[in-house]
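Everything below concerns the one structure shown next.
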Protein chains: 2
Amino acid sequence: MAEAEIRISRKDAILDAAEANFAEHGYDGVTLRMIAKDAGVDVALANYHFGRKHELFEQTFQRRAEILNKWRLDALEACLKQAEEGPVSVRDIIDAYLRPLMTGPHLKEPGWRNYYGMVAYVNSSTAWGGQLMSRSFDPAIDRFIEALQDALPEASDDAIYWGYHCLSGALTLAFAQTGRLDHLSKGKVCSTDLEGGYLQMVDFITAGFERIGQR
Amino acid sequence: MAEAEIRISRKDAILDAAEANFAEHGYDGVTLRMIAKDAGVDVALANYHFGRKHELFEQTFQRRAEILNKWRLDALEACLKQAEEGPVSVRDIIDAYLRPLMTGPHLKEPGWRNYYGMVAYVNSSTAWGGQLMSRSFDPAIDRFIEALQDALPEASDDAIYWGYHCLSGALTLAFAQTGRLDHLSKGKVCSTDLEGGYLQMVDFITAGFERIGQR
DNA sequence: AGTATGTTTCAACAACTGTTGAATAAGCGT
DNA sequence: ACGCTTATTCAACAGTTGTTGAAACATACT
């Protein structure tokens, strides 16, 4: 029976448990004993594999960040290659930014939903926010900013960066899945429906960027 | 000397200290002893005035929420009254939503900056997010949603609510003031410059809403 | 079989947590 | 000056925190 299941290593079990707990309660709201209990291991094991709590958090955060960056950059590259010479459409850039994260089968996996919760927490935390997000995502984001600047030669730097700010804020708030939209819309809109949100956000954000290019 | 200064009550000193600490470290990252030390009072006094830690957090959060709702609703009312009969412009609605919060002399006060940090934390926290934000702000937000629906009769509910989601995400990320934009733009844009961000965001968000009304 | 190496648990640490009840101080009407 | 109510501090509680060093287990190589 046991050999029929695919058993993950205890090290990965700790990462998974950490992910789920950090997503729901943030860094300080989680104790190493909560994580160890969920992972079915002793408290000391987290220390053995990952060092201090701080490092466990960062490693948990970065594990999926790289996957995510690759998805996005592949999508961006594909749309740049497809345009070949001619100007790239703003919509395609925004789509390359949002689609890989907000659609697809990985949304069914609790691991990814949990990770998204962590991203939401980190992105708007005054303490972690700037540092950790920049370290994990900025190299990839730089490419998107460049592409937007190319597609919108008339737009000022201020407009481009604050436009990206709007995009990033909207995405990470979607990641938090707080259920606020459900309450506000009296059930008409579901904030856990990322695929539905994706369709609306692409239009909305694209319009924003196109407007600032008309200066 | 002492009678020349305007001394705030110890109760208010606790609220101020709580605000600053919760903004920087979130709920679980703050201990009552940190707050008491900053306020210059004994630990037990927080309990005497506010009950449990949980209640202190909520009272700190709600203290300024009402002020903020009033600012916004006054601005909305003014622009609705000014339009009188004719259709209200989308831009004026967005302006009424953003301007009172992102511009003005209160931005110089550390208390308000701290409070904004709390809002950022609460809004994208999976645990607090839905409940507390809805309780504090939704009655006012409902009015803005109505106004947007009136101004954009062709837009679907999905589009309106996800549009508001983008607006809310962008605003609360601005509140977090993480310094990420500074890093990403290599110093060209400053994420603590809310007034500068306001100018860009009004254009960007207005364009988004106007687009979804053209269906 | 024995040994070296990497995992995992056990037991304990000093420090810190939110909360409480009793003790003390302050403010104020009379 | 007295009593009464409200503020504030003090001292302590039982439980929890991250972290560690030593001990026990597992695994693979010789």
Side-chain angles (χ1 to χ4, degrees), chain A residues 1-3 5-63 118 121-122 125 127-128 131-132, chain B residues 1-63 118 121-122 125 127-128 132:
Chain A
M1 191 189 295
E3 57 263 34
E5 303 172 21
I6 297 171
R7 292 230 147 276
I8 62 174
S9 72
R10 299 195 210 251
K11 189 173 171 180
D12 284 338
I14 292 174
L15 280 176
D16 290 344
E19 197 169 51
N21 278 280
F22 284 139
E24 193 171 353
H25 304 107
Y27 178 77
D28 291 295
V30 171
T31 74
L32 292 174
R33 282 169 177 83
M34 293 163 87
I35 296 173
K37 191 176 181 186
D38 280 8
V41 300
D42 187 85
V43 205
L45 196 58
N47 240 281
Y48 172 75
H49 281 299
F50 302 100
R52 318 198 95 85
K53 184 187 178 188
H54 204 271
E55 302 174 71
L56 169 60
F57 184 86
E58 291 217 13
Q59 289 193 50
T60 308
F61 188 80
Q62 240 127 14
R63 174 171 63 151
M118 276 190 79
Y121 169 79
V122 169
S125 133
W128 297 88
Q131 299 273 351
L132 187 49
Chain B
M1 191 188 296
E3 56 264 33
E5 303 170 22
I6 297 170
R7 292 233 146 274
I8 61 175
S9 73
R10 300 198 210 250
K11 190 173 172 180
D12 285 337
I14 292 175
L15 281 176
D16 290 344
E19 197 169 51
N21 278 279
F22 285 139
E24 192 171 353
H25 303 107
Y27 178 77
D28 291 294
V30 171
T31 73
L32 292 174
R33 283 170 177 83
M34 291 162 89
I35 295 173
K37 191 177 180 186
D38 280 10
V41 302
D42 187 85
V43 206
L45 196 58
N47 240 281
Y48 172 76
H49 281 299
F50 302 100
R52 317 198 96 82
K53 185 186 177 187
H54 204 272
E55 303 175 69
L56 169 60
F57 184 86
E58 291 217 13
Q59 288 192 51
T60 308
F61 188 80
Q62 240 127 16
R63 174 172 62 151
M118 277 190 79
Y121 168 80
V122 169
S125 132
W128 296 89
L132 186 50

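Computed from a predicted model, the values in this text were never measured in an experiment. So that the names make sense, note that chain A is the first sequence line, chain B the second, and so on, each numbered from 1.
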Between Tyr121(B) and His25(B), is a side chain to side chain contact (heavy atoms under 4.5 Å, CB included) present by the stated rule, with each step listed?
CA-CA 9 Å; Tyr121(B) 168 80; His25(B) 303 107; over 6 Å; no
Between Lys53(B) and Val30(B), which heavy-atom pair has the shortest distance, and what is it?
NZ-O, 2.8 Å
Answer yes or no: is there an ion pair linking Asp16(A) with Lys11(A), defined by an N-O contact shorter than 4.0 Å?
no
Taken in chain and number order and not counting sequence neighbours, the residues that satisfy side-chain hydrogen bond (donor to acceptor under 3.5 Å, both in side chains) with Glu58(A) are Arg135(A)
Does a side-chain N or O from His49(A) land closer than 4.0 Å to OP1 or OP2 of dT8(C), or not?
yes
For DNA chain D, which ranges pair as stems of 3 or more consecutive Watson-Crick or G-U pairs, with both donor-acceptor distances under 3.5 Å?
C:1-6 with D:25-30, C:8-28 with D:3-23
According to the interplanar angle, ranging from 0 to 90°, do the rings of Phe22(A) and Phe57(A) count as parallel (below 30°), tilted (30 to 60°) or perpendicular (above 60°)?
perpendicular
Distance check: side-chain N/O of Tyr48(A) vs OP1/OP2 of dT7(C), anything under 4.0 Å?
yes
Nearest heavy-atom contact between Thr60(A) and Ala18(A) is OG1-CB, 3.8 Å
Indicate for each nucleotide in nucleotides 13-19 of chain C, in 5' to 3' sequence, whether protein heavy atoms under 4.0 Å reach the base (B), only the sugar-phosphate (S), or nothing (-).
----BBB
Keeping Asp12(A) on the side-chain end and Ile8(A) on the backbone end, is there a donor-acceptor pair under 3.5 Å?
no
In chain order, what residues pass the salt bridge (charged side-chain N to carboxylate O under 4.0 Å, His left out) check against Arg33(B), with sequence neighbours excluded?
none
side-chain hydrogen bond (donor to acceptor under 3.5 Å, both in side chains) partners for Gln131(A), two or more places apart
none
Does a nitrogen or oxygen in the side chain of Arg10(A) sit under 4.0 Å from OP1 or OP2 of dT7(C)?
no
Please list, in 5' to 3' order, the outermost nucleotides of DNA chain D lying under 4.0 Å from any heavy atom of chain B.
dT6(D) to dA12(D)
When you look at Leu32(A) and Leu56(A), which way does the side chain to side chain contact (heavy atoms under 4.5 Å, CB included) test go after all the steps?
CA-CA 10 Å; Leu32(A) 292 174; Leu56(A) 169 60; 4.1 Å; yes
